[in-house]
Each structure stands twice: as structure tokens, then as C-alpha cells.
Amino acid sequence: NVGILGTLAVQGSDKGKGTEEKSGQPSLDERTGPIADRLGLEGEDREKFMQLQRGLLDSSQGNREELDGMRREILDDEQQALYMQFLAQV
């Protein structure tokens with residue numbers, strides 16, 4: 001999915017830029033807006049693109065929470081700290 005790859009690319013290239021949500025992550029619009037700009041999307045097409053991205057985020061949220069729970073069950077405190085350090089660098 002081009003949207004997923006684009007979002008990941010923007011997340012990496014825009015690290016530390018823009019307003020952050022409660023989670024410490026840039027908002028969805030901040031992450032996908034630049035992708036829509038690069039694609040030249042405007043008006044209705046842009047809104048459809050943003051809705052698709054919101055749907056993707058919503059559908060994957062439960063999976064991320066489940067994986068986080070499994071990770072906490074499997075990893076001890078030291079391993080979790082190393083994992084979080086790794087994620088901060090990616």
C-alpha cells in the first residue's frame with residue numbers, strides 16, 4: 001500500500017516537526033498531509049485520501065495494542081528498555 005509506505009517515509013523524515021498528539025506522535029493530518037501534497041491531491045480527492053488513511057490507522061490500532069501487550073508479557077524490564085531505545089532510533 002503506497003499510503004502505508006508514504007506515511008512511514010514522512011514519519012521518518014518529519015521526526016520532531018509539527019504539533020504532537022497526546023501519544024507524542026504527530027497527528028494523522030500532519031503525517032499524511034505532506035503525502036497528499038506530494039501526490040498533488042486537492043479537494044474531494046484529498047479528502048478521500050485522508051479518509052482512507054484514517055481508516056487504515058483506526059483498523060490497525062487494535063493490532064498495535066495487542067502486539068504491545070504481548071511484548072510486555074514476553075520481555076523483561078531490561079529487554080523492554082532496549083526495545084524502546086531501538087524504536088526511538090528508527
Side-chain angles (χ1 to χ4, degrees):
N1 181 336
V2 174
I4 293 171
L5 295 176
T7 300
L8 292 173
V10 169
Q11 280 181 315
S13 67
D14 288 346
K15 242 181 195 175
K17 296 181 184 176
T19 311
E20 296 182 349
E21 294 179 334
K22 292 178 187 174
S23 68
Q25 297 291 323
S27 71
L28 178 65
D29 288 347
E30 290 173 327
R31 291 183 285 175
T32 58
I35 299 168
D37 292 342
R38 289 181 203 147
L39 294 171
L41 298 175
E42 296 179 356
E44 190 176 322
D45 288 338
R46 183 183 183 91
E47 186 55 35
K48 285 180 183 179
F49 174 79
M50 299 298 277
Q51 287 176 351
L52 287 170
Q53 295 303 309
R54 286 182 197 104
L56 175 64
L57 180 66
D58 291 345
S59 68
S60 63
Q61 181 64 36
N63 293 336
R64 285 193 300 272
E65 291 171 358
E66 185 178 350
L67 288 173
D68 284 345
M70 284 189 244
R71 177 184 46 80
R72 283 189 293 275
E73 289 176 15
I74 294 171
L75 302 178
D76 62 30
D77 290 340
E78 183 179 345
Q79 290 170 325
Q80 283 190 48
L82 289 171
Y83 177 74
M84 296 309 287
Q85 287 175 353
F86 168 75
L87 289 180
Q89 294 174 2
V90 178

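Index from 1, following the sequence. This is a predicted model, so every value here is computed, not measured.
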> Less than 4.5 Å apart, side chain to side chain, heavy atoms only: is that true for I74 and Q80?
no
> For Q51, is the CD atom crowded, meaning more than 12 foreign heavy atoms sit under 6.0 Å from it?
yes
> What about M84 and L75, same hydrophobic cluster or not, with Ile/Leu/Val/Met/Phe/Trp/Tyr joined at side-chain heavy-atom distances under 4.5 Å?
yes
> Can you see which heavy atom on G33 is nearest to which on M50, and at what distance?
N-CE, 4.1 Å
> Please walk me through it: do D76 and Q79 pass side-chain contact (heavy atoms from CB on, under 4.5 Å)?
CA-CA 5 Å; D76 62 30; Q79 290 170 325; 3.3 Å; yes
> So do the side chains of L67 and M70 get within less than 4.5 Å of each other, counting heavy atoms only?
yes
> Rounded to the nearest 0.5 Å, what's the gap from CZ on R72 to CG on D77? Could you check?
12.0 Å
> What heavy-atom pair brings F49 and T32 nearest, and what distance separates the two atoms?
CE2-O, 3.8 Å
> Tell me the closest heavy-atom pair linking R46 and D37, and the distance in Å.
NH1-OD1, 2.7 Å
> Answer yes or no: does atom CG of D68 have more than 12 heavy-atom neighbours from other residues, nucleotides or ligands under 6.0 Å?
yes
